[in-house]
Amino acid sequence: MPPKKIQADLTSITVIPCSEPHTQQVFGLAKVPGGPSASYPQSLDAQANGECLDHFTGFVGVPYERSKLFFTYLLPSVGSWAAGDRTVVCVLESVTGPLHRSAQDSKL
């Protein structure tokens with residue numbers, strides 16, 4: 001079942017070098033299981049949360065519970081799912097101000 005509320009349908013993302021101030025950074029891509037004819041899963045949000053949580057510690061260098069960073073994710077849209085997109089994009093966020101370098105191994 002597709003999500004009941006579409007929050008945004010992104011078609012592009014502006015890439016900023018990590019040396020420039022930024023508040024978000026892609027830190028992982030997760031493939032969600034599902035064959036070409038699979039229906040949009042009701043549990044996609046929970047799956048994405050778990051996958052990104054699994055990637056977080058390895059990327060940042062500290063467990064999520066001890067980090068000053070938060071994360072969110074971008075899910076396949078209903079349309080892109082129907083076209084075969086099974087990729088969740090994990091995005092970390094700094095809410096205390098911009099980052100001026102990559103968060104990878106930052107232990108933030």
Side-chain angles (χ1 to χ4, degrees):
M1 172 185 286
K4 291 178 178 36
K5 178 181 173 189
I6 296 175
Q7 295 178 352
D9 196 7
L10 299 175
T11 57
S12 67
I13 296 175
T14 302
V15 177
I16 298 172
C18 288
S19 59
E20 292 183 21
H22 58 285
T23 56
Q24 297 177 318
Q25 180 177 346
V26 172
F27 70 94
L29 301 174
K31 289 288 187 185
V32 178
S37 61
S39 298
Y40 198 93
Q42 289 181 318
S43 62
L44 186 55
D45 194 54
Q47 290 177 36
N49 192 60
E51 290 288 337
C52 292
L53 185 59
D54 288 347
H55 286 12
F56 189 90
T57 300
F59 187 84
V60 176
V62 294
Y64 182 67
E65 299 79 20
R66 291 188 15 225
S67 178
K68 296 176 185 170
L69 302 170
F70 295 92
F71 74 83
T72 189
Y73 40 83
L74 303 173
L75 300 174
S77 68
V78 174
S80 71
W81 181 272
D85 180 12
R86 303 294 185 265
T87 303
V88 171
V89 180
C90 303
V91 181
L92 62 80
E93 295 187 73
S94 171
V95 295
T96 58
L99 300 168
H100 297 276
R101 63 184 176 95
S102 174
Q104 187 170 13
D105 299 321
S106 66
K107 298 184 178 19
L108 288 175

May I have the list of side-chain donor-acceptor pairs in residues 84-91 shorter than 3.5 Å, sequence neighbours left out?
from, atom 1, to, atom 2, distance (Å)
D85, OD1, T87, N, 3.0
D85, OD2, S80, OG, 3.0
R86, NE, G34, O, 3.1
R86, NH1, W81, O, 2.6
R86, NH2, G35, O, 2.7
T87, OG1, K31, NZ, 2.9

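- Atom OG1 of T96 and atom CG of L99 lie 7.0 Å apart (nearest 0.5 Å).
- In this structure, the separation between CD on Q24 and CG on L69 is 11.5 Å, given to the nearest 0.5 Å.
- Annotation: side-chain hydrogen bond (donor to acceptor under 3.5 Å, both in side chains) contacts involving residues 47-56, sequence neighbours excluded, comprise S43-Q47.
- You'll find the side chain of H100 reaches within 4.5 Å of the side chain of P21, heavy atoms only.
- Residue H22 comes nearest to Q25 through the heavy atom pair NE2-OE1, 3.8 Å, listed as atom of the first residue, atom of the second, then distance.
- Between the Y73 side chain and the D45 main chain, a donor and an acceptor come within less than 3.5 Å of each other.
- Side chain of T23 to main chain of S94: no donor-acceptor pair is present (N/O by atom type, distance under 3.5 Å, no hydrogens or angles).
- Here the closest heavy-atom approach between residue V62 and residue L108 is recorded as CG2-O, 3.6 Å.
- The two atoms that bring C52 and F71 nearest to each other are CB-CE1, 3.5 Å, heavy atoms only.
- Shortest non-hydrogen contact noted between F59 and A103 is CE2-C, 3.9 Å.
- Criterion: ILVMFWY side-chain heavy atoms under 4.5 Å apart, direct or through other members. Under it, V26 and I16 are not part of a common hydrophobic cluster.
- A single hydrophobic cluster is not seen to contain both V15 and L92; linkage of ILVMFWY side chains at heavy-atom distances under 4.5 Å, directly or through other members, places them apart.
- Y64 and F56 have perpendicular rings, their planes meeting at more than 60° on a 0 to 90° scale where under 30° would count as parallel.
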